[in-house]
Amino acid sequence: MNELLQHSSYFGVFLSLLSYFAGMYLKKKFKWAIFNPLLVAVVLTIGVLLLFDIDYDTYNQSASYLSVLLTPATVCLAIPLYAHFKVLKKHYRAILIGIASGVLVSLLSVLLLSWLFGLDHAMYVTMLPKSITTAIGMSLSMELGGYAAMTVAAIVLTGVLGNMIAEGVCRLFGIEDPIAKGVGIGTASHAIGTSRAMMMGEVEGAMSSLSIVVAGVMTVLGAGIFAGFL
């Protein structure tokens, strides 16, 4: 099977898109948070690879075309931010403090949990970029001496979880301000969470988009400091 698929340039793209569309169908039909399209796509893709004993490198080689779209897709998140620039200008102090608080909590939580579970330095720095976008997180993880592949897995898991529980957490803690919702979601769960924020409202989406960028920069600076703590 591997030899056959090695000659297919688009097998990985086809499998990834088909799995994602299946997730969208399940989400639309059942309305359950567990049927997050990205989560379903990951599970189905892994299942197919295991079922047919397909090597990951074979799949990844033919799915690499999708990875090229990651950076421009992230840049496109700046469009709603531009549309609500006046809101940003009016509340920039609270927004920056909120993002900084979220980044600090993220780094501290990784430090504490790594210490509690006895993780070594490489695993510790692998987890530090878990709440920022993949494009930044992979490079940061490799620079700090972590495992980039595991960093990607942590980033995706964090984003999917944030996407699934964002609205519920806001209701649980009585968070109603759209700016606070957007800042919290974007800081904690990057682009995947931002897709949920955009569904909640334009302001939420714009603030979440901003938080991805600012939280990414702050995490790069903060992770360099925190990397020396363990």
Side-chain angles (χ1 to χ4, degrees), residues 16-45 66-67 69-92 94-96 98-99 101-103 105-106 130-137 152-216 219:
S16 300
L17 292 179
L18 184 63
S19 300
Y20 187 80
F21 288 144
M24 291 180 64
Y25 172 78
L26 292 174
K27 177 67 174 179
K28 184 177 181 180
K29 182 176 179 62
F30 296 102
K31 309 292 184 182
W32 294 352
I34 191 63
F35 288 126
N36 179 276
L38 183 59
L39 178 60
V40 172
V42 170
V43 173
L44 287 179
T45 300
L66 292 175
S67 301
L69 301 175
L70 179 62
T71 300
T74 303
V75 173
C76 286
L77 295 174
I79 296 176
L81 175 61
Y82 175 78
H84 295 277
F85 184 75
K86 291 183 180 179
V87 177
L88 167 62
K89 187 176 180 180
K90 182 178 179 180
H91 302 283
Y92 75 93
I95 292 172
L96 290 177
I99 297 173
S101 300
V103 171
V105 169
S106 175
K130 67 176 180 58
S131 293
I132 59 177
T133 187
T134 307
I136 303 175
V152 173
I155 290 173
V156 172
L157 181 60
T158 300
V160 170
L161 184 61
N163 185 293
M164 291 171 57
I165 69 174
E167 291 188 75
V169 170
C170 289
R171 287 196 298 268
L172 179 63
F173 291 96
I175 303 173
E176 299 180 354
D177 185 85
I179 298 177
K181 289 181 181 179
V183 169
I185 295 171
T187 303
S189 50
H190 50 85
I192 303 177
T194 297
S195 64
R196 172 61 61 183
M198 288 181 169
M199 295 173 63
M200 296 168 66
E202 290 188 5
V203 175
E204 288 91 332
M207 295 303 104
S208 189
S209 300
L210 168 69
S211 299
I212 295 174
V213 179
V214 179
T219 300

Peer 1: Any sub-3.5 Å donor-acceptor pair from Asn163's side-chain atoms to Ile192's backbone N or O?
Peer 2: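 Present.
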Peer 1: Tell me, do Met207 and Pro178 make a side-chain contact under 4.5 Å, heavy atoms counted?
Peer 2: no
Peer 1: Taking all non-hydrogen atoms of both residues into account, name the closest pair between Thr133 and His190 and its distance.
Peer 2: N-CB, 3.8 Å
Peer 1: Please confirm whether the backbone N or O of Gly205 pairs with a side-chain atom of Ser209, one donor and one acceptor, at under 3.5 Å?
Peer 2: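 A pair under 3.5 Å: yes.
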Peer 1: Is a side-chain N or O of His91 found less than 3.5 angstrom from the main chain of Ile179, in a donor-acceptor match?
Peer 2: no
Peer 1: Look at the rings of Phe30 and Trp32 and say which category their plane angle falls in: under 30° parallel, 30 to 60° tilted, over 60° perpendicular.
Peer 2: tilted
Peer 1: Nearest heavy-atom pair of Leu44 and Ala22: which atoms, and what distance?
Peer 2: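 Closest heavy-atom pair between Leu44 and Ala22: CD1-CB, 3.8 Å.
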Peer 1: Over all heavy atoms of both residues, which pair between Ile132 and Ala215 is shortest? Give the atoms and the distance, please.
Peer 2: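 Taking Ile132 first and Ala215 second, the nearest heavy atoms are CG2-O, 3.9 Å.
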Peer 1: A side-chain contact here means heavy atoms from C-beta on lying under 4.5 Å apart; do Glu167 and Arg171 qualify?
Peer 2: yes
Peer 1: Are the side chains of Glu204 and Ile185 in touch, meaning some heavy atoms are under 4.5 Å apart?
Peer 2: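 Sidechains of Ile185 and Glu204: no contact.
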Peer 1: Among residues at least two apart in sequence or on other chains, which ones pass ring pair (Phe, Tyr, Trp, His ring centres under 6.0 Å) with Tyr20?
Peer 2: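 Tyr20 satisfies ring pair (Phe, Tyr, Trp, His ring centres under 6.0 Å) with no residue once adjacent residues are dropped.
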Peer 1: When you measure from the side chain of Ser131 to the backbone N and O of Ala188, does any donor-acceptor pair fall under 3.5 Å?
Peer 2: yes
Peer 1: From Ile95 CD1 over to Leu210 CG, what is the distance, rounded to the nearest 0.5 angstrom?
Peer 2: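 Answer rounded to 0.5 Å: 6.0 Å.
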